[in-house]
Amino acid sequence: MPASPTSHAQIEAAFTLAVERYAALGVDVEAALATLATVSLSLHCWQGDDVRGFEQSGDLDGGIAATGNHPGRARNGDELRQDLDQAYRLLPGRHRLNLHAIYAEPTSPRPRNELQAEDFARWLDWAAATDRGIDFNPTCFAHPQAADGLTLSHPDSGIRRFWIEHCQACRRIGAHFGRRLGSATVTNIWVPDGMKDLPADRFGPRRRLRSALDEVLAEPLPSEVHIDSCEAKLFGIGSESYVVGSHEFYLAYAVQRGGIYLCLDAGHFHPTEQVADKISACLLDVDGVLLHVSRGVRWDSDHVVLLDDDTRAIMQELVRGDVLSRVRIGLDFFDASINRVAAWTIGARAALKALLAALLEPLDALRASEQAGDYARRLALMEEAKTLPLGAVWDAWCLRQDVPPASDWLAEVDHYTATVLSRRS
Ligand code: RNT
Ligand code: ZN
């Protein structure tokens with residue numbers, strides 16, 4: 001049964017009361033909203049088509065998998081942009097696009113190591129027209145040259161060369177996006193390289209990856225238009241025993257090299273490790289952090305992000321540490337078993353709500369309790385903060401930003417599904 005739209009008068013009334021509740025704890029709701037307005041998520045294009053891309057060069061591999069067969073998948077750039085436009089219309093704020101190299105639209109097929117900015121002209125024009133920044137990713141998987149599960153660390157110098165050239169091309173394309181859009185593109189390198197079973201040599205591939213990265217990053221690009229990032233991982237399907245680009249590998253690399261961001265993906269660590277705890281440790285000596293906000297269920301399953309403890313803890317760290325300016329927030333999940341536009345919307349709205357919750361923490365009171373050594377008060381305030389009227393502020397924010405509050409967005413997705421998605425075979 002379709003829910004009736006939420007009453008705007010009720011939202012306004014609840015907001016007024018909520019502002020008072022927060023004020024009583026020393027929290028300025030308007031200041032929190034002003035900060036929230038400055039933050040852009042990078043919405044990942046690959047949720048729209050189950051990480052397939054447009055090359056048709058091979059099935060998804062590299063140890064990642066999109067499971068499910070929900071109808072309505074975007075089959076080309078126009079459909080994917082149309083779906084993204086629909087998702088963006090349901091998100092308060094202005095958000096970026098996170099694009100992968102396999103979403104190129106060249107006029108005639110072009111190998112990945114020869115990709116050029118013009119192959120993304122349609123994405124660029126679309127982003128410019130909607131005033132969105134673009135972030136970018138080389139695609140070092142789903143390709144015959146990655147069939148062994150090794151790319152930048154491959155023992156064959158020809159294969160290594162191919163992926164070095166691909167990553168170099170992607171950096172130039174990323175810089176072109178950043179220049180054209182007036183907002184620095186983060187180009188994030190993730191390679192799947194690893195081994196299913198116990199390697200005899202753990203050093204060799206890491207040495208090769210390290211020198212391949214040095215070559216990839218050799219060309220200087222201005223930081224106003226381009227930011228480099230590297231993404232570590234614990235394991236993948238088929239790389240259970242050894243991942244060349246592990247967290248320690250990239251953390252050390254980022255520190256010794258300088259000038260690059262480290263990507264922390266919420267699904268890329270042992271299940272009891274907390275990405276939230278790593279942010280302050282990394283940011284002391286690394287230039288910046290790119291987050292891949294994701295939700296692993298038992299493994300790096302890339303489930304749709306929710307307003308759960310892990311996501312909330314990550315956002316709390318950004319606010320408590322006052323590091324929003326050195327952190328880019330990307331989303332990374334791909335669920336093919338549910339409506340894909342709804343998946344984007346659920347995940348992105350959850351990430352924004354988590355950020356809003358963090359901005360609405362009674363931080364002065366928490367810090368004062370901590371400084372006084374009153375840890376019972378600190379714990380009590382954190383606990384009470386959980387049931388403050390976050391939803392009332394969120395709904396009012398959605399109204400102000402001219403997007404549907406509460407679950408009203410579902411009606412728009414239903415309409416879009418009936419008129420657009422259900423017509424795709
Ligand atoms: C894989 C990494 C990587 C990918 C995307 C598609 O485990 O998380 O970020 O999900 O590049
Ligand atoms: Zn990721």
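In listed order, ligands and their atoms are each counted from 1.
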| remark: Quick note on ligand 1: atoms under 4.0 Å from a heavy atom of D265 include exactly 8 (O)

| query | Quick one: which ligand 1 atoms are inside 4.0 Å of a heavy atom on H268? | reply | 1 (C), 2 (C), 7 (O), 8 (O)

| message | Quick test of your reading of the model: are D119 and R110 salt-bridged, counting only N-O distances below 4.0 Å? | response | yes

| Structural part of H44 in contact with ligand 1, heavy atom criterion under 4.0 angstrom | neither

| Any idea which N/O/S atom from H292 gets closest to the Zn ion (ligand 2)? | ND1

| message | Does any N or O of ligand 1 fall below 3.5 Å from an N or O anywhere on E231, backbone included? | response | yes

| request: Indicate the ring-plane relationship of Y88 and W126, choosing parallel, tilted or perpendicular according to the 30° and 60° boundaries. | output: tilted

| task | Go through the side-chain N and O atoms of R160 and T151 and say whether any donor and acceptor fall under 3.5 Å apart. | result | no

| D302 N/O to ligand 1 N/O under 3.5 Å | no

| said: Which of the numbered atoms in ligand 1 are under 4.0 angstrom from any heavy atom belonging to H100? | reply: 5 (C), 6 (C), 11 (O)

| request: For residues H176 and F136, establish whether the separation of their ring centroids is below 6.0 Å. | output: no

| Looking at atom 4 (C) of ligand 1, what's its closest protein heavy atom, distance included? | D332 OD2, 3.6 Å

| request: Please state whether the rings of H44 and F333 are parallel, tilted or perpendicular, taking 30° and 60° as the class boundaries. | output: perpendicular

| Does D49 come within less than 4.0 Å of R73, counting only side-chain N to carboxylate O? | no

| Does D300 come within less than 4.0 Å of ligand 1, judged by its heavy atoms? | yes

| query | Can you find an N or O of N188 that's nearer than 3.5 Å to an N or O of ligand 1? | reply | no

| Those atoms of ligand 1 less than 4.0 Å from some heavy atom in K233 | 1 (C), 7 (O)

| Does the ring of F203 carry R207 above it, NZ/CZ under 6.0 angstrom from centre and within 45° of its axis? | no

| field | Any N/O pair W46/ligand 1 closer than 3.5 Å | value | no

| message | If you count every heavy atom of other residues, nucleotides or ligands that lies below 6.0 Å from R210 atom CZ, does the total exceed 12? | response | no

| query | Do we see a donor-acceptor contact under 3.5 Å between the side chains of Q168 and R171? | reply | no

| Which ligand 1 atoms are under 4.0 Å away from a heavy-atom of I64? | 1 (C), 7 (O)

| request: Please work out whether the ring planes of Y103 and W123 are parallel, tilted or perpendicular, with thresholds of 30° and 60°. | output: perpendicular

| Angular separation of D332 OD2 and D265 OD2 about the Zn ion (ligand 2), given to 10° | 90°

| request: List every atom of ligand 1 that sits less than 4.0 Å from any heavy atom of H292, numbering the atoms from 1 in the order shown and giving each element. | output: 9 (O)

| note | Which atom of E231 is nearest the Zn ion (ligand 2), counting N, O or S only? It is OE2

